[in-house]
Every structure is written in structure tokens, then in C-alpha cells.
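Encoded as C-alpha cells, the structure appears first; notes follow it.
Computation of the quantities below employed the complete heavy-atom set of this structure, encompassing side-chain atoms and omitting hydrogens, waters and symmetry-equivalent molecules. Note that the coordinates shown come from a computational prediction; the quantities given were computed from them, not determined experimentally.
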Amino acid sequence: MAKLEGAGISCRGCRGTCCTFEKNSMRISALEADELAAHLRETGRDTEEMRVVLRATIARFGLDRPAPGDGRRVFGRRRYTCPFFSDLGRCTIVPEAKPYGCLAFNARAPGVRDGENCASDQELMREQELASEDEPLDVPRAVLAALER
């Protein structure tokens, strides 16, 4: 992210479709969820209100149900609006505490306004997948589980 910002490429002018149900199906490892939960605790955001928001996101987008499939394979992941995406169109998690997938998904050119020219850094994502032995979960379920451990 910082490297791209230095080149004049950032998400600052975008409305954040990558964080909403329009495009987001982000999943994280248990380790990333633990780190995010630790950040919430350190910043005083590990509250019952936060847990209510996480549970509401899970219920609203059916994240507690299996993804669509035919029994042999899954056809896609469920999309949802990230519970850490604010009404102001910005993420409320500082870059130092963001999951790898969030850090790896960036604008690819200056002036992106509606997520029209964004992509994930596939090399970074492959490295992360190889380093993780657990099955990734959507952010709300993973973080809620980490907070309740």
C-alpha cells in the first residue's frame, strides 16, 4: 500500500466497493483473526457492541450457511460488507492491523473512484496461503471466534 501511495496510486478517492457486498468475499486465517482481535482489545474496541455488529453481519449475509455449490464443489464465496468499513466509506482498521488480503488488494492506477481498476497482489496472497495451515473464514466469523476464545 505504501509503495503504491508513493507512486500516486491510492484508494483515497474511491467509495470502497471492495469492502462492500458488491465485491467483498474476503477471508482470513485464524492467525490474522487473532491479530485483528488483539488490535481490537488494545484499542478498546473489543466490546459487546462490536460483537453485536459481527453477529449481525454474519446473519445479514448468511455467512453461517455453506457457500453455494453442488456438493462436489463450491461455486463461489458469500459476499458481505466488512463490519470494519465505516459509513464514511473508509476502513476503521489501521494498516498495521489489516489482514494480508486487505493489504494486497489495491488500485492499479491513479484516480480509481469505484473499484474499476483494482486487483490483489497474487504473489503476496500465495505466500500467505502457503504459510497458513488452517481453513480461512470470512472476517466476521473469524474475528468473532478469536474474540470469544
Is [X] reaching over with its side chain to a backbone N or O of [Y], donor-acceptor style, under 3.5 angstrom?
X     : Y     : value
Thr17 : Glu22 : no
Glu35 : Ala97 : no
Lys98 : Leu36 : no

Tell me, do [X] and [Y] make a side-chain contact under 4.5 Å, heavy atoms counted?
X      : Y      : result
Arg108 : Cys118 : no
Val94  : His39  : yes
Leu137 : Ile28  : no
Ser29  : Pro136 : no

Rounded at 0.5 Å granularity, tell me how far [atom1] in [X] sits from [atom2] in [Y].
X      : Y     : atom1 : atom2 : result
Cys82  : Phe61 : SG    : CZ    : 10.5 Å
Asn106 : Cys14 : CG    : SG    : 11.0 Å
Leu147 : Thr47 : CG    : OG1   : 9.0 Å

Which heavy atom in [X] sits nearest to a heavy atom in [Y], and how many Å separate them?
X      : Y      : answer
Ala107 : Ile9   : O-CG2, 3.3 Å
Ala146 : Ala37  : CB-CB, 3.7 Å
Gly115 : Val112 : N-CG1, 3.6 Å
Arg77  : Ser25  : NE-O, 3.3 Å
Cys102 : Met26  : N-CE, 3.4 Å
Cys91  : Phe85  : N-CD1, 4.3 Å

State which residues pass side chain to side chain donor-acceptor pair (under 3.5 Å) with [X]; sequence neighbours excluded, sorted by chain then number.
X      : value
Asp114 : Arg15
Arg141 : Asp138
Asn24  : none
Glu116 : none

### Message
Is it the case that over 12 heavy atoms from other parts of the model lie below 6.0 angstrom from the CZ atom of Arg149?
### Response
yes
### Query
With sequence neighbours left out, which residue pairs that include part of residues 80-91 fulfil the side chain to side chain donor-acceptor pair (under 3.5 Å) condition?
none
### Query
Which pairs count as side chain to side chain donor-acceptor pair (under 3.5 Å) when at least one residue sits in residues 49-71, sequence neighbours excluded?
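Those involving residues 49-71 are Asp46-Arg51, Glu48-Arg55, Arg55-Glu148, Asp70-Arg72.
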#### Entry: Cluster overlap Val143 with Phe21, hydrophobic side-chain contacts below 4.5 Å
yes
### Task
Look at the side-chain heavy atoms of Ile, Leu, Val, Met, Phe, Trp and Tyr, link any pair under 4.5 Å apart, and say whether Ile58 and Met50 land in one connected group.
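The answer is yes; both residues are in one hydrophobic cluster.
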